[in-house]
Number of protein chains: 2
Amino acid sequence: MESPWKAISDSSRRKILLLLKERDMTPTEISKHFQFSLPAVSIHLRILKNSDLILEQKVGKNRIYSLNKEKALEMMNFFAGMWDYNLKSLKEFLENQKVVKR
Amino acid sequence: MESPWKAISDSSRRKILLLLKERDMTPTEISKHFQFSLPAVSIHLRILKNSDLILEQKVGKNRIYSLNKEKALEMMNFFAGMWDYNLKSLKEFLENQKVVKR
DNA sequence: TAGTTAATTAATTAATTATTTAACTATTTA
DNA sequence: TAAATAGTTAAATAATTAATTAATTAACTA
């Protein structure tokens, strides 16, 4: 497991997470949002996957990447700790709010 | 302004933030918690300060560093967005919880 | 005011990172 | 089964980063 903090330190990788927040995507689709090459995207995806921030699914010759929201929550907890909150209360908040919003 | 994401990608700097969460400290005090030299601590502090994660105060020949919780909240918001929450609702949650806890 | 203390800045070095092009692997399709 | 498609891996390179020791700055103190 690679460091998720190193993973999100790169702005392209943060942008990939925001893209995957909207919908699951293949490497080719993701690469359309960037200037750089498909191999570069592939490496960014590997780093995100190895740090557990995204999940990979093979479908035929495609790979579909999706956001791992649980990991995002876990990282969020680092900051929540600075306000004296923990993962549990934070998660309850997020899940309750979701019900209200819909 | 340097990237706060680059700043927190280093584990020593994350540890410094956790130390400052407990209490304000001088570089010398902080360096007692690490193996590496005072100049190395000074550089880490500069990076954290330049990314707005900590605040500096000069008192005589000492410098006192403190955590900037607002910046932590701002970064937390990146992750909150993945759960469809925004800074405002998150901050309200954190502040209300604080009242309850005390 | 000379010496001490607290901290930063400078110069250097070794390690890591992001990117490229080229080569390869796996899967589908004609 | 040959060709096409989707993607990853390899090798090379340029840029960035974390650390060190040495030098410097600023403020206090005897």
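Reminder, nothing fancy here: chain letters follow the sequence lines and each chain counts from 1. Note that the structure is a prediction, hence the values are computed from the model and not measured. As a basis for the values below, the full set of heavy atoms in this structure was taken, side chains included, without hydrogen atoms, waters or symmetry mates.
Following rounding to the nearest Å, Lys32(B) (NZ) and dA6(C) (C1') show an atom-to-atom distance of 11 Å. Rounded to whole Å, atom P of dT4(C) lies 19 Å from atom CG of Asn62(B). Rounded to an integer number of Å, the gap from Ile30(B) CD1 to dT8(C) C1' is 14 Å. Atom CH2 of Trp5(A) and atom C1' of dT16(C) are 20 Å apart (whole Å). Computed from coordinates, the Phe36(A) CZ to dT8(D) P distance equals 13 Å when rounded to whole Å. Atom NZ of Lys6(A) is separated from atom C1' of dT17(D) by 8 Å (rounded to the nearest Å). To the nearest angstrom, C1' of dT5(D) lies 15 Å from CD of Glu29(A).
Heavy-atom distances under 4.0 Å link DNA chain D to Asp10(B), Arg13(B) of residues 8-27 of chain B, given in residue order. Shown for residues 37-55 of chain B: residues whose heavy atoms fall under 4.0 angstrom of DNA chain C, namely Leu38(B), Pro39(B), Ser42(B), Arg46(B).
Remark: Tyr65(B) is in phosphate contact with dT8(C), judged by side-chain N or O atoms under 4.0 Å from OP1 or OP2.
Side-chain contact between Arg63(B) and Thr26(B) is absent, with no heavy-atom pair separated by less than 4.5 Å. The closest side-chain heavy-atom distance from Tyr65(B) to Met25(B) is not below 4.5 Å. Contact annotation: the side chain of Ile16(A) approaches that of Ile30(A) to within less than 4.5 Å [non-hydrogen atoms, C-beta and beyond].
Looking at residues two or more places apart in sequence or on another chain, you find a side-chain hydrogen bond (donor to acceptor under 3.5 Å, both in side chains) between Asn50(B) and Glu2(B).
With a cut-off of 3.5 Å on both Watson-Crick or G-U wobble distances, the partner of dA30(D) is given as dT1(C).
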Which side-chain N or O atoms in residues 71-79 of chain A pair as donor and acceptor under 3.5 Å with protein atoms at least two apart or in another chain?
unit_1   : atom_1 : unit_2   : atom_2 : d
Lys71(A) : NZ     : Glu74(A) : OE2    : 3.2
Asn77(A) : OD1    : Leu87(A) : N      : 2.7

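How far CD1 of Ile54(A) is from CG of Leu19(A): 11.5 Å, rounded to the nearest 0.5 Å. Atoms CZ and OG, on Phe34(B) and Ser12(B) in that order, are 5.0 Å from each other to the nearest 0.5 Å. Atom CD1 of Ile64(A) and atom NZ of Lys58(A) lie 12.5 Å apart (nearest 0.5 Å). Rounding to the nearest 0.5 Å places CG of Leu18(A) at 8.0 Å from CD of Glu22(A).
Residue pairs meeting the salt bridge (Lys or Arg N to Asp or Glu O under 4.0 Å) criterion with at least one partner in residues 39-55 of chain A, sequence neighbours excluded, are Lys49(A)-Glu56(A).
Within 4.0 Å (heavy atoms only), Phe34(B) reaches no atom of the nucleic acid at all.
Aromatic ring centroids of Phe36(B) and His44(B) lie under 6.0 Å apart.
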Under-3.5 Å N/O pairs linking protein and nucleotides 25-30 of chain D:
none

